[in-house]
Amino acid sequence: MDKVTPLLEAPILEAKNITRRFGGVVAVSDVSLTVGKGRIVGLIGPNGSGKSTMVNLVTGELKPDLGEFRFNGEVITGEPSYKRARAGMARSFQMLRLFHSLSVEENLLLAHHIRMKSSLIDTVTLRRRAIEEEQAVRARARELLAWFDLEKFAPHPVSALSIGQQRMVELARGMMSEPTLFVLDEPAAGLSPPNVDRLITLIRRMRDEFGMSILLVEHVMRVVRDLCDEVVVLDSGVKIAEGLPEAVVKDPVVVEAYIGSGWKRRAQA
């Protein structure tokens, strides 16, 4: 009897031969990467390497000039960011984008708005399904705040929290939409070493307990080494390396790309 080879599970995200130009500048050139389901994939590179452009292309803030994106097997190349969010993609930002005049809980409630099933008329007229949905969303927000040890800050303005706490609020807000892929853009930026340790633990739990896949853009190499299953390295918009974290950070081509950009300091961080 012939042996049947099992089919490999399709990745949650596929980026194929992505190119993006700004005038005469090629910010991303023929870059391909995949994020497997339940995997954490790192995207690293020196300043100006094209990481931010690539993230904006993945999440739909920008459209590629060439190439194709697939999410859960469906082509999403031309889809705007809000449709990608509805399909199960969330992101955080290097520069915090919280609503500072609102409370911590209100920041989370707003994040779920894109998935609300009740219509505006249902909400205004206080129909039962709208009330039940709002109660369920509030319960979900409280659960996540407790998960991030933020429940006591729920009624406080988010501006009253420390940078580290605000980073946790942003992660909780992203999880409100129950994403299957979470794109994290330098989540360790501005964090103290103890908070970096806590961040590593939380991101690992996000993957293990919620089953989400993660595309992680990060400069703190300790975070990359401790969390990532695979790492993709960009330099001047070109993919120069891909593989296991420990092998990638020792790759002579990668080391050369980082020389003069604080590579030794970051590699030891």
Side-chain angles (χ1 to χ4, degrees), residues 11-15 35-41 43 55-62 69-74 76-100 102-120 122-123 129-151 153-154 158 161 165-187 199 202-217:
I12 191 167
L13 176 72
E14 297 174 90
V35 179
K37 292 181 179 178
R39 308 286 283 178
I40 301 177
V41 175
L43 181 62
V55 165
N56 287 331
L57 289 164
V58 167
T59 55
E61 277 82 8
L62 294 173
F69 284 106
R70 286 181 177 266
F71 185 57
N72 277 323
E74 299 292 328
I76 60 165
T77 311
E79 299 288 1
S81 56
Y82 75 90
K83 287 190 176 181
R84 299 186 192 202
R86 285 177 178 169
M89 188 183 298
R91 73 167 295 180
S92 69
F93 293 88
Q94 180 181 354
M95 302 298 291
L96 290 166
R97 294 191 182 183
L98 299 171
F99 295 94
H100 290 278
L102 300 181
S103 71
V104 170
E105 185 177 46
E106 288 168 341
N107 268 272
L108 267 66
L109 295 177
L110 276 178
H112 197 271
H113 176 74
I114 196 168
R115 286 181 173 265
M116 293 289 281
K117 296 178 181 178
S118 302
S119 67
L120 179 60
D122 291 337
T123 303
R129 67 177 180 180
I131 294 173
E132 290 177 347
E133 184 174 18
E134 182 180 353
Q135 290 173 341
V137 171
R138 285 188 179 276
R140 169 70 173 167
R142 295 188 190 109
E143 288 175 2
L144 284 174
L145 289 175
W147 199 83
F148 282 95
D149 294 325
L150 293 168
E151 65 270 32
F153 300 108
V158 75
L161 275 60
Q165 290 167 334
Q166 289 184 34
R167 286 281 178 202
M168 298 302 108
V169 172
E170 187 170 49
L171 292 179
R173 184 178 67 176
M175 291 178 65
M176 276 295 292
S177 61
E178 301 179 0
T180 52
L181 174 67
F182 204 158
V183 181
L184 302 179
D185 191 356
E186 300 197 26
L199 177 73
L202 286 170
I203 293 176
R204 188 179 290 116
R205 287 182 62 197
M206 287 162 59
R207 188 268 307 274
D208 295 343
E209 296 180 25
F210 292 90
M212 66 180 62
S213 308
I214 296 170
L215 177 61
L216 174 67
V217 181

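Just so you know, these numbers come straight off a predicted model, no measurement behind them.
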Undergrad: To the nearest 0.5 Å, what is the distance between NE2 on H100 and CG on N107?
TA: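 Atom-to-atom, H100:NE2 and N107:CG are 8.5 Å apart.
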
Undergrad: Is the closest side-chain heavy-atom distance between L109 and V137 below 4.5 Å?
TA: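 The answer is yes, as the side chains (C-beta and beyond) meet within the 4.5 Å cut-off.
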
Undergrad: Any chance you could measure R173, atom CZ, to L98, atom CG, to the nearest 0.5 Å?
TA: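 Output value for this atom pair is 5.0 Å.
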
Undergrad: Taking all non-hydrogen atoms of both residues, which atom of A15 and which atom of F69 are closest, and how far apart?
TA: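 Where A15 meets F69 most closely, the heavy atoms are CB-CE2, 3.4 Å.
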
Undergrad: Do you know which two heavy atoms are closest between A172 and L144, and how far apart they sit?
TA: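 Heavy atoms of A172 and L144 come nearest at O-CD1, 3.6 Å.
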
Undergrad: Please evaluate residues W147 and R205 with respect to the criterion side chain to side chain contact (heavy atoms under 4.5 Å, CB included), reporting the C-alpha separation (whole Å), side-chain torsions for both, the decisive distance (0.1 Å), and the verdict.
TA: CA-CA 10 Å; W147 199 83; R205 287 182 62 197; 3.0 Å; yes

Undergrad: Find out whether R207 and R204 are in side-chain contact, i.e. whether some heavy atom of one side chain is under 4.5 Å from a heavy atom of the other.
TA: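 SC-SC contact between R207 and R204 confirmed.
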
Undergrad: Set out, in order, the CA-CA distance, both residues' side-chain angles and the distance that settles side chain to side chain contact (heavy atoms under 4.5 Å, CB included) for R39 and L13, then state yes or no.
TA: CA-CA 11 Å; R39 308 286 283 178; L13 176 72; over 6 Å; no

Undergrad: Rounded at 0.5 Å granularity, tell me how far CE in M212 sits from CE in M89.
TA: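 Going from the CE atom of M212 to the CE atom of M89 covers 13.0 Å.
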
Undergrad: Rounded to the nearest 0.5 Å, how far does CG of L216 lie from CG of L184?
TA: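 Between L184 CG and L216 CG, I get 6.0 Å after rounding to 0.5 Å.
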
Undergrad: Looking at I203 and P187, what are the two nearest heavy atoms and their distance?
TA: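 Nearest pair, atom of I203 first, then P187: CD1-CG, 4.2 Å.
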
Undergrad: Using only atom types and a distance under 3.5 Å, with no angle test, would you say the side chain of R138 pairs donor to acceptor with the backbone of E105?
TA: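 Between the backbone of E105 and the side chain of R138 there is no qualifying donor-acceptor contact (under 3.5 Å).
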
Undergrad: Any side-chain heavy-atom pair from F99 and E106 closer than 4.5 angstrom?
TA: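 Answer no - side chains too far apart.
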
Undergrad: N72: which residues meet the side-chain contact (heavy atoms from CB on, under 4.5 Å) condition with it, sequence neighbours left out?
TA: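 Here the qualifying residues are I12, K37, T180.
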
Undergrad: Tell me every residue that passes side-chain contact (heavy atoms from CB on, under 4.5 Å) with E14, counting only those two or more places apart in sequence or in another chain.
TA: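 Partners of E14 under the side-chain contact (heavy atoms from CB on, under 4.5 Å) test: P11, K16, T34, R70.
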
Undergrad: Go through the side-chain N and O atoms of T59 and E61 and say whether any donor and acceptor fall under 3.5 Å apart.
TA: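 Yes - a donor-acceptor pair under 3.5 Å links their side chains.
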
Undergrad: How close do L108 and M176 get, heavy atom to heavy atom, and via which atoms?
TA: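 Looking at all heavy atoms of both residues, the shortest contact is O-CG, 3.5 Å.
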
Undergrad: CE of M175 to CG of L202: how many Å apart, nearest 0.5 Å?
TA: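 Those atoms lie 9.0 Å apart.
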
Undergrad: For M168 and D149, run side chain to side chain contact (heavy atoms under 4.5 Å, CB included): C-alpha distance rounded to whole Å, both residues' side-chain angles, the deciding distance at 0.1 Å, then the answer.
TA: CA-CA 9 Å; M168 298 302 108; D149 294 325; over 6 Å; no

Undergrad: Please give me the minimum heavy-atom distance between V55 and L43, naming the atom from each residue.
TA: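 Smallest heavy-atom distance, with atoms named: CG2-CD2, 4.4 Å.
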
Undergrad: Less than 4.5 Å apart, any side-chain heavy atom of R142 and any of E151?
TA: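 No, too far: nothing below the 4.5 Å cut-off.
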
Undergrad: Are there over 12 heavy-atom neighbours, none belonging to E74, within less than 6.0 Å of that residue's CD?
TA: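 No, CD of E74 has 12 or fewer neighbouring heavy atoms, counting only those of other groups under 6.0 Å.
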
Undergrad: Could you work out, with side-chain contact (heavy atoms from CB on, under 4.5 Å) as the rule, every residue matching A90, not counting sequence neighbours?
TA: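 Only S177, P179, F182 meet the side-chain contact (heavy atoms from CB on, under 4.5 Å) criterion with A90.
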
Undergrad: To the nearest 0.5 angstrom, please state how far the CG atom of L161 sits from the CZ atom of F153.
TA: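 Interatomic distance, L161 CG to F153 CZ, rounded to 0.5 Å: 5.5 Å.
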
Undergrad: Of all the heavy-atom pairs spanning R84 and E79, show the shortest one and how long it is.
TA: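 Here R84 and E79 meet closest at NE-O, 2.9 Å.
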
Undergrad: Do the numbers put R86 on top of the ring of Y82, so that NZ or CZ is under 6.0 Å from the six-membered ring centre and no more than 45° off the axis?
TA: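 No, R86 does not sit over the ring of Y82.
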
